[in-house]
Every structure is written in C-alpha cells, then in structure tokens.
There are 2 protein chains.
Amino acid sequence: MGKQALDIFRQSLPILQVLSDSNRQDILLFLSENEKLTVNEITERSKLSRPAVSHHLKLLKNAGVINVEQIGTQRYYYLSMQEAVELLKKLLAALERDCL
Amino acid sequence: MGKQALDIFRQSLPILQVLSDSNRQDILLFLSENEKLTVNEITERSKLSRPAVSHHLKLLKNAGVINVEQIGTQRYYYLSMQEAVELLKKLLAALERDCL
DNA sequence: ATTAAATGTTTAAACTTTTAAACCAATAAT
DNA sequence: ATTATTGGTTTAAAAGTTTAAACATTTAAT
C-alpha cells in the first residue's frame with residue numbers, strides 16, 4: 001500500500017462509516033426500491049422514530065450518498081451513489097493491488 | 001436492491017465497521033508494507049499505546065482481515081484480506097446493479 | 001391571518017467505542 | 001529457578017454515537 005492507497009482509504013472513510021450501520025443500510029434499501037421517499041414514508045418502513053430517521057438521513061446526505069428534492073412541504077430523498085461507487089471501486093483496486 | 005443485496009450488505013457490516021476507522025486503516029497500511037509485524041513494531045509506527053494497538057488488532061482479527069502467527073514470545077500479525085475483498089466485490093456489484 | 005401538515009433542530013439520556021493504566025501470562029535467556 | 005521480554009486482559013475514564021421527546025420552522029390550505 002502506498003501513500004496513494006492511504007489517500008483512497010481516507011477518502012472512503014465517510015462512506016465506509018455511513019455504510020457500516022444496519023439502520024442506514026435499511027434506509028438505502030428502501031430508497032433503492034422506491035426511487036424517492038419522504039421522511040415519513042421511510043419512518044413507516046423503519047423501526048426507528050422519525051427524528052432518528054431524520055438524523056440518519058442527514059448523515060447519509062453529508063456523506064453524499066443521498067440527495068433531497070423539496071416539493072411543497074415534503075422532502076423527497078433519493079439515492080445518489082455514483083461518487084461513492086467510484087470511490088469504493090478505487091478502494092477495492094488498491095486493496096487487490098496491495099493487500100492480497 | 002433485493003433481499004439478496006441486503007444480505008450482502010449485512011455480511012459486509014463487520015468489514016465496513018472495521019475499515020471505517022483511521023487507526024485501523026493505518027495498521028492495515030503498515031501490514032501491507034511489511035508482510036509481518038509484531039504488536040511492538042506496529043506500536044512504534046502508530047500514534048496509539050500498545051494496549052490500544054492490541055485492542056484494534058483483536059477487532060481486525062475478529063473481522064478476519066488479519067491473522068497471527070506465534071514464533072516464540074513474539075506474535076506476528078499479517079494481512080489476510082481475500083475474503084474481505086471478495087465480499088466488497090459482491091457489495092460493489094450489488095450497489096452498481098441496484099443503486100445507480 | 002390561522003391552522004394543519006411535514007420536517008428539521010436541540011437537548012438530554014442511554015449506549016458504545018476508544019483509550020490508557022495496571023495487572024497477568026507465557027516464553028526465553030541467563 | 002530468576003529475570004527480562006513480549007504481548008494479552010481487565011478496568012475505569014473519556015469521547016463519541018444513537019435515540020426520543022419537546023420545540024421550532026416552513027409550506028399549503030382554508
């Protein structure tokens with residue numbers, strides 16, 4: 001592993017962090033099955049309270065794996081995982097190169 | 001994302017968790033550069049105390065990304081990331097299929 | 001303007017993780 | 001056998017995370 005690989009590791013940190021929680025994994029699952037969902041729609045499907053869901057959505061948004069679109073009073077959340085997938089691809093390539 | 005993808009997500013949890021910490025990333029870096037290292041050798045390179053390093057090594061070992069070989073009083077830690085890389089590959093494939 | 005609906009924010013409590021200090025166990029060398 | 005070296009374990013404190021309750025904000029409809 002070189003400095004280059006370490007950089008990729010560090011860049012991936014926020015995504016790895018955000019993915020390593022089953023509640024957040026569930027939310028991503030819901031969004032992958034539904035295109036766009038509001039906080040309340042996600043809460044219905046989840047075991048968490050609305051504020052907890054809202055909190056996890058914030059984390060997911062900060063990590064760049066979801067995005068929001070406001071329509072009236074409702075906020076529709078949807079996946080935006082292009083960057084995350086790119087990063088994970090790079091990470092995987094680095095791991096295969098240096099760690100096997 | 002289907003149930004199948006969720007399973008992969010869940011299986012990856014321990015690896016994602018263990019990778020989403022910069023101290024542990026550092027340890028993996030040291031091991032990728034050095035083949036085999038003792039706790040003390042890792043501690044020299046790290047900013048952590050020896051018990052802290054020992055603790056993180058235990059987590060890494062439980063997640064299956066490293067292994068130990070004892071030679072006399074010394075324990076040599078080394079990478080064993082084949083499984084982790086396989087899992088991450090599957091995860092990535094699921095993400096590309098269902099989340100883009 | 002008031003009210004209702006949807007959602008975000010703040011705060012406090014519970015829980016988990018991380019760390020270091022002190023201690024213990026095993027091996028090897030004298 | 002005694003001692004030194006290596007490394008694991010336990011414990012307690014500190015820091016961080018997660019959750020829910022109460023409160024605040026924003027938009028839409030009457």
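Residue numbers start from 1 in every chain, and the chains themselves are labelled A, B, ... in the order their sequence lines are given, proteins ahead of strands.
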Please tell me which of A:Leu59 and B:Gln74 maps to the more 5' nucleotide of DNA chain D, matching each residue to the nucleotide holding its nearest heavy atom. B:Gln74

Which comes earlier along DNA chain C counting from the 5' end, the contact point of B:Ser20 or that of A:Tyr77, where each point is its nearest nucleotide? A:Tyr77

Output the distance between atom CG (B:Asp21) and atom OG (A:Ser20), rounded to the nearest 0.5 Å. 10.0 Å

Scan residues 37-60 of chain A for pairs that pass salt bridge (Lys or Arg N to Asp or Glu O under 4.0 Å), counting only residues two or more places apart or in two chains. A:Asp26-A:Lys47

For A:His56 and D:dT19, is the shortest distance between a side-chain N/O and OP1 or OP2 below 4.0 Å? yes

Would you tabulate the side-chain donor-acceptor contacts of residues 72-84 of chain A under 3.5 Å, counting partners in other chains and residues two or more places apart, or write 'none'?
unit_1, atom_1, unit_2, atom_2, d
A:Arg75, NE, A:Gln70, OE1, 3.2
A:Arg75, NH2, A:Gln70, OE1, 3.3
A:Ser80, OG, A:Gly64, O, 3.3

D:dG8 P sits how many Å from B:Leu60 CG, rounded? 13 Å

Of the listed nucleotides D:dT6, C:dT9, D:dT18, the one nearest the side chain of A:Lys58: C:dT9

D:dA21 OP1/OP2 closer than 4.0 Å to side-chain N/O of A:Ser49: no

Test item: B:Arg24 side-chain N/O and B:Leu19 main-chain N/O as donor-acceptor pair under 3.5 Å: no

Quick check for you: among C:dT7, C:dT19, D:dA20, whose closest atom lies nearest to any side-chain atom of B:Asn23? C:dT19

Nucleotide C:dT9, atom C1' - distance to NZ of A:Lys61 in whole Å: 16 Å

A:Glu41 CD to C:dA6 C1': how many Å, rounded? 11 Å

Nucleotide nearest B:Val39 when distance is taken to its side chain, options D:dG8, D:dA20, D:dT19: D:dG8

Under 3.5 Å between N/O atoms: give me all the protein pairs with nucleotides 22-30 of chain D, atom names plus distance.
none

Write down the distance between CD (A:Glu44) and C1' (C:dA6), rounded to a whole number of angstrom. 13 Å

CD1 of A:Ile27 versus C1' of D:dT19: gap in Å, rounded? 13 Å

Any chain of hydrophobic side-chain contacts (each under 4.5 Å) joining A:Leu59 to A:Leu31? yes

What about A:Phe30 and A:Val39, same hydrophobic cluster or not, with Ile/Leu/Val/Met/Phe/Trp/Tyr joined at side-chain heavy-atom distances under 4.5 Å? yes

Nucleotide of C:dT18, C:dT7, C:dT9 approaching B:His55 most closely (side-chain heavy atoms): C:dT18

Tell me: CG of A:Leu48 to P of C:dC15, nearest whole Å? 16 Å

Roughly, in whole Å, what's the span from CD in A:Gln17 to P in C:dT16? 18 Å

What is the distance, to the nearest angstrom, from the CG atom on B:Leu57 to the P atom on D:dG7? 10 Å

Starting from B:Val85, can I reach A:Val85 by hopping between I/L/V/M/F/W/Y residues whose side chains sit under 4.5 Å apart? yes

